[in-house]
Amino acid sequence: MRDKWKAWRRRRTEGDIFQRTQSRLTLVYSGLLMLFLVIFIVIVYALLYFIILNDQEREVRAIVDQEVRLIEESIKQTLVFDPRVLELQGIIGPSQDELFHYILNPAGQLIQGTDIGRGLRPQLMDLLKGWVPVNNELRYEKLKLSKERFGVGRFPRGYNVPLNPDNTQEIRLLSSGKPIMQGNKRVGFLYVGKNISYNYELFNWLLYIFGGLALLFFGLALYMSHMMSKRAMVPIVQSYTRQREFVSDASHELRTPLSVMLSSIDSLEMEQTANTDPFSRKLLVNMKDEVKRMAKLVSDLLLLARSDTPEYKLQVDTFDVHAQSEIVVQSMKAIAASKQIDLQLEAEGPFEMEGDVERIKQLLYILLDNAVKYTPSGGQVRLLLSMDANDSNRKLVMVVEDTGIGIAEEEQKQVFHRFYRADKSRSRQIGGHGLGLAIAKSIVDAHHGTIGVSSSLGEGSTFTVALPIARRHV
């Protein structure tokens, strides 16, 4: 039952990785599609807004220009400015779309006017008070309308809702004005106002329509993005599977010839005598070192390849981490002493946990080996074991501190990636292939723990591992 749970857990973890990748692709694709849609809607709405309002502005200006021109031509012929005569002659007068049509004298007094309701006149006159229009100046205003300001059945155009004392409505007003000239003398002002509330209602409806279309398109974009990301993931999954199988098969096949080579070199070393050529002896030593290095690389690759498969299993036992840590530290003492590095273990009491003892020891070997490698002579490396008492799940915390060369901040997020080395030239001198920390992370992940690093260049590094004490069972 436990093995089935582990296999299912591994398959689910692997599936989660691809699922998260597909979800991110879906979000990216749908986000791009929605971005283009939003840009399109904004452009179309802005164009409609500009075209419609610009058309209304031109219409109001044209009315004012035409009437002022006719008035001034009549004044030239009759030498008299009388708005009542001009109205009787049909030269001036409101059009159907006008909310008001006023002629004021230079003192600002109304001498001729028509509007949709005399109750509005005081409010309109307040809007015109002190306004001396220049170059067909335009104004946008708002008016509050109620039934008290109109005769029965007279309502602004664009509204089909009857007004009553409890039903006030706000309308949008576009007005323009122009002075009336008799030669060089200003004899009055013509003001025309138009109700453009219908246009703003149209803009509101356009927003609702575009909003509905955006929601509909969002659903379609999400579906299309999901299908696109699903198709995009097919070659990724296939490539990942082939790569994993290739690494596993190649690593497994390489172990046998490497073992044969190592055995052959050992046999040649045993046949050496005092008369053996020093060059041959050195050559055998170098060959043996390189074969060992290749064997370790192949072993690491095989371990990583297996850790990616559902068949990867941990041999779970209950063991004392403190005791196993002492074994690892003692085995590393000789290497640390050769570099005059002080290697210490600091822990209080036994720390029992459920896990794979060999993998946990391998994890400690990797972290301590890295710390010793990148710590200059005379430095210090410490392994600290403690219990996280604040965590309800009870976790064992292992901290490896060193006084080494440190890791740059921008490199810290990548050190757990496979084959990644912050300083490649130095890593080649010291040895290693950039797989150690990747293996460490795979071990920690297999135990459902966390691993992180904090470091400063020239001041050392601190690797922190948190592992649950008890394994989760079904």
Side-chain angles (χ1 to χ4, degrees), residues 48-145 149-150 154-159 170-203:
L48 290 174
Y49 190 92
F50 173 79
I51 291 171
I52 293 174
L53 287 186
N54 189 57
D55 182 67
Q56 296 295 325
E57 291 176 355
R58 280 191 286 104
E59 184 178 338
V60 173
R61 280 196 173 113
I63 293 173
V64 173
D65 284 339
Q66 181 180 2
E67 292 204 9
V68 169
R69 179 174 54 80
L70 293 174
I71 292 171
E72 291 178 347
E73 289 178 355
S74 176
I75 292 174
K76 285 181 182 180
Q77 294 175 1
T78 62
L79 302 178
V80 176
F81 174 52
D82 189 343
R84 286 171 293 184
V85 174
L86 295 172
E87 186 175 4
L88 289 174
Q89 293 175 348
I91 295 175
I92 62 174
S95 67
Q96 185 178 1
D97 291 336
E98 291 178 11
L99 188 70
F100 71 91
H101 182 282
Y102 292 161
I103 296 179
L104 278 61
N105 62 23
Q109 298 172 336
L110 181 66
I111 56 178
Q112 190 275 339
T114 55
D115 47 45
I116 63 170
R118 291 187 176 275
L120 271 180
R121 187 163 293 180
Q123 191 175 359
L124 293 171
M125 290 299 296
D126 287 340
L127 294 177
L128 301 179
K129 186 176 181 180
W131 179 21
V132 179
V134 180
N135 297 327
N136 279 25
E137 179 185 352
L138 291 168
R139 281 191 175 184
Y140 287 90
E141 305 286 353
K142 294 180 182 179
L143 289 178
K144 290 284 188 180
L145 304 183
R149 295 187 179 275
F150 301 94
R154 303 192 64 189
F155 310 114
R157 186 181 177 209
Y159 287 87
E170 182 180 80
I171 69 169
R172 301 274 186 157
L173 175 65
L174 173 62
S175 56
S176 180
K178 191 173 183 180
I180 303 171
M181 307 298 292
Q182 185 176 8
N184 295 326
K185 182 182 177 182
R186 185 181 294 168
V187 295
F189 297 94
L190 174 65
Y191 296 95
V192 173
K194 185 177 182 181
N195 175 22
I196 58 170
S197 302
Y198 177 77
N199 302 108
Y200 282 91
E201 286 291 315
L202 177 62
F203 295 146

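Every value quoted in this text rests on a predicted model; they were computed, and no experiment measured them. All heavy atoms count here, side chains included; hydrogens, waters and symmetry mates do not.
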(request) Hey, could you give me the OG/CG distance between Ser175 and Leu124, rounded to the nearest 0.5 Å? (result) 9.0 Å

(request) Could you grab the distance from atom CE of Met125 to atom CD of Gln109, nearest 0.5 Å is fine? (result) 8.5 Å

(message) Please find the pair of heavy atoms, one from Val192 and one from Val60, that lie closest to each other, and give the distance.
(response) O-CG1, 4.2 Å

(request) Output the distance between atom CD (Gln66) and atom CD1 (Ile71), rounded to the nearest 0.5 Å. (result) 10.5 Å

(message) Which residues pass the salt bridge (Lys or Arg N to Asp or Glu O under 4.0 Å) test with Glu73, not counting sequence neighbours?
(response) Arg69

(request) Say whether, by atom type as modelled, one donor and one acceptor occur between the side chain of Glu141 and the main chain of Leu173 under 3.5 angstrom. (result) no

(message) If we check side-chain contact (heavy atoms from CB on, under 4.5 Å) with Ser197, which of these qualifies: Leu202, Leu174, Leu99, Ile171?
(response) Ile171

(request) For Asp65, check side chain to side chain donor-acceptor pair (under 3.5 Å) against everything at least two apart and list the hits. (result) Asn136, Lys178

(request) With sequence neighbours left out, write down each residue that passes side chain to side chain contact (heavy atoms under 4.5 Å, CB included) with Lys142, or none if nothing qualifies. (result) Glu170, Arg172

(request) Dump the intermediate steps for side chain to side chain contact (heavy atoms under 4.5 Å, CB included) on Ile52 and Ile196, then the final yes or no. (result) CA-CA 10 Å; Ile52 293 174; Ile196 58 170; over 6 Å; no

(request) Kindly write out the residues that satisfy side chain to side chain donor-acceptor pair (under 3.5 Å) with Tyr49, not counting sequence neighbours, or none if the list is empty. (result) none

(request) Check Tyr102 against Thr114 and note the closest heavy-atom contact, atom names and distance. (result) CE2-O, 3.6 Å

(request) Taking all heavy atoms of Ile103 and all of Leu110, pick out the closest pair and write down the distance. (result) O-CD1, 3.6 Å

(request) List the atom of Pro133, the atom of Pro179, and the distance in Å for their closest heavy-atom pair. (result) O-CD, 3.8 Å

(message) The criterion is side chain to side chain donor-acceptor pair (under 3.5 Å); which residues satisfy it with Gln77, sequence neighbours excluded?
(response) none

(request) Enumerate the residue pairs fulfilling side chain to side chain donor-acceptor pair (under 3.5 Å) with a member in residues 180-193, sequence neighbours excluded, ordered by first and then second residue. (result) none

(message) Holding to salt bridge (Lys or Arg N to Asp or Glu O under 4.0 Å), I want the full list of residues that pass it with Asp126, two or more places apart in sequence or in another chain.
(response) none

(message) Within this structure, what is the CD1-NE2 distance for the pair Ile63 and His101, rounded to the nearest 0.5 Å?
(response) 8.5 Å

(request) If a pair satisfies ring-ring contact (aromatic ring centres under 6.0 Å, His included) and one of its residues is in residues 51-74, list it, with sequence neighbours excluded. (result) none

(message) Restricting to side chain to side chain donor-acceptor pair (under 3.5 Å), what partner residues turn up for Glu137, sequence neighbours left out?
(response) Trp131

(message) Under the rule for ring-ring contact (aromatic ring centres under 6.0 Å, His included), what residues qualify as partners of Tyr200, not counting sequence neighbours?
(response) Phe203

(request) Taking all heavy atoms of Val187 and all of Pro106, pick out the closest pair and write down the distance. (result) O-CD, 3.3 Å

(request) Please name all residues satisfying side chain to side chain contact (heavy atoms under 4.5 Å, CB included) with Leu48, sequence neighbours left out, ordered by chain then number. (result) Val44, Leu206

(request) Could you grab the distance from atom CZ of Arg58 to atom CD of Gln56, nearest 0.5 Å is fine? (result) 9.5 Å

(request) Calculate, to the nearest 0.5 Å, the distance between atoms CG and CD belonging to Leu190 and Glu72 respectively. (result) 10.5 Å

(message) Walk me through whether Leu127 and Arg139 qualify under side chain to side chain contact (heavy atoms under 4.5 Å, CB included).
(response) CA-CA 10 Å; Leu127 294 177; Arg139 281 191 175 184; 5.8 Å; no

